[in-house]
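Working notes, structure below.
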Amino acid sequence: MSTVPSYFKDFLSNIRLTDNQVNDLKTGHTTLRKRLEGDEKLSKIIVSTFLQGSYRRSTAVKPKNGNKSDVDVIVVTKLDSEEYTPEEALNLFVPFLDKHYKDKYRIQGRSIGISLSYVDLDIVPTSAPSESETGILQDKAIISEYTIEDFQQNVFSKSFDTTLFESSYNIFCKSDSEPQWKAEPLIIPDREAEEWDETHPLEQIRWTVEKNKNCNTHYINVVKALKWWRKTQYPDMKHPKSYPLEHFIGDCCPDGITTVAEGVVLTLENIVSEHPTKPFLADRGVPEHDVFARITDDEYSDFYDTVCDAAKIAREAYDCEELYDSVCKWRELFGNEFPSAPEPTKSNSPAGFTNRTEKSAAIPEGRFA
């Protein structure tokens with residue numbers, strides 16, 4: 001069995017967002033949020049803003065082929081879904097957009113996309129169904145820009161805001177806070193369907209934190225690894241990608257994994273053995289929603305075939321006794337961002353394992369998530 005942990009550390013370092021990309025994301029979303037909260041008209045209807053999406057959940061990988069990093073900003077408003085149609089709700093943001101992002105935005109079905117030279121932003125307007133939700137939606141942990149990995153890295157740092165950590169722990173981790181979480185999802189305007197629908201981005205974050213903890217902090221890295229496989233090996237395949245793919249990985253990755261390699265192998269094999277046909281994936285917090293609803297049976301079948309091939313390669317890589325052979329198989333699965341291994345020599349150990357001379361990049365670990 002070969003888990004090649006140092007190689008996976010370097011691989012994950014290679015595919016994660018760069019420091020510059022993270023800084024661009026922070027500049028983009030911080031500027032947007034300050035402008036929204038300072039807008040004369042919108043500030044009167046905004047309850048809070050917070051980050052969601054793969055960046056917040058620490059499951060994002062670096063973009064390819066000239067694409068930019070992206071971040072989603074949830075804007076919780078006081079809008080009454082009985083008084084405003086979805087189109088009217090989205091149109092309330094147009095004057096603000098014309099002022100700050102003229103010719104750089106587009107109104108989408110359920111959000112507003114902003115394309116800047118250095119980053120893509122998504123404004124996701126929502127409404128809290130009752131005033132009782134306002135308190136938690138303004139909690140310091142929710143409106144914080146910290147990602148799951150940020151908490152893992154900083155939780156034991158002397159400079160870390162202990163009040164923020166305690167608040168985050170109480171909201172995301174303590175089981176006795178769950179009734180508070182489960183209370184009500186947010187309402188989101190769906191312009192194409194001409195109706196308001198439910199969404200629960202906070203439950204997606206809470207679920208990811210819990211899953212990562214149950215997977216000994218390896219889950220978010222399993223997601224990144226398999227997103228990279230999907231992005232680089234099958235770039236022309238339409239579905240699933242983005243959150244639907246992440247959700248599926250979450251359902252199929254077993255708890256208790258001790259390495260990223262183990263998580264990758266078992267996740268792929270679980271998909272093969274348990275889901276030969278397109279499953280219904282109940283959305284976190286809104287279980288009547290099917291995350292795979294927009295994926296056709298044929299699209300899923302094509303994806304399933306690629307997983308069957310990938311599962312075979314991953315199992316061979318995992319079961320290899322020889323380091324060089326194992327790494328070659330992992331590179332076949334993940335591409336050139338997975339580090340290469342030195343070719344076997346007489347000085348190698350019988351099992352073919354040699355010490356790496358390069359320093360492995362540190363991947364955040366911690367007990368918070």
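- Taking every heavy atom of both residues into account, Ala225 and Val264 meet most closely at CB-CG2, 4.1 Å.
- When side chains are defined from C-beta on, Lys62 does not count as touching Ser69, because their heavy atoms never get closer than 4.5 Å.
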Under the criterion side-chain hydrogen bond (donor to acceptor under 3.5 Å, both in side chains), I'd like the reasoning laid out for Ser58 against Thr147: C-alpha separation, chi angles, the key distance, then a yes or no.
CA-CA 6 Å; Ser58 295; Thr147 67; 3.3 Å; yes
Between Asp98 and Tyr105, does the side-chain hydrogen bond (donor to acceptor under 3.5 Å, both in side chains) criterion hold? Intermediate values first, please.
CA-CA 9 Å; Asp98 284 338; Tyr105 73 89; 2.8 Å; yes
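- The CG atom of Asp290 sits 6.0 Å away from atom CG of Leu281, with the distance rounded to the nearest 0.5 Å.
- Here the two rings, on Phe8 and Trp330, have centers that are under 6.0 Å apart.
- A side chain to side chain contact (heavy atoms under 4.5 Å, CB included) with Lys231 holds for exactly one of Met237, Lys241, Lys64; it is Lys64.
- Rounding to the nearest 0.5 angstrom, the gap separating the CD atom in Glu82 from the CH2 atom in Trp196 is 10.5 Å.
- Taking CD1 of Ile187 as the start and CG of Asp80 as the end, the distance is 10.5 Å to the nearest 0.5 Å.
- Nearest approach of His239 to Arg230, heavy atoms of both residues: N-NH2, 3.7 Å.
- In this structure, Arg331 forms no cation-pi arrangement with Phe11, as its terminal cationic atom is not both closer than 6.0 Å to the ring centre and no more than 45° off the ring axis.
- Listed here is the closest heavy atom pair of Gly28 and Tyr118: CA-OH, 3.7 Å.
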Passes side-chain hydrogen bond (donor to acceptor under 3.5 Å, both in side chains), Thr217 versus Asn212? Steps please.
CA-CA 5 Å; Thr217 75; Asn212 203 43; 5.4 Å; no
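- For the side chain to side chain contact (heavy atoms under 4.5 Å, CB included) test with Val223, the passing option among Arg57, Glu246, Lys211, His247 is Glu246; the others fail.
- Here Phe248 and Phe292 bring their ring centres to under 6.0 angstrom of each other.
- Aromatic ring pairs are classed by plane angle as parallel below 30°, tilted from 30° to 60° and perpendicular above 60°; the pair His100 and Phe96 is tilted.
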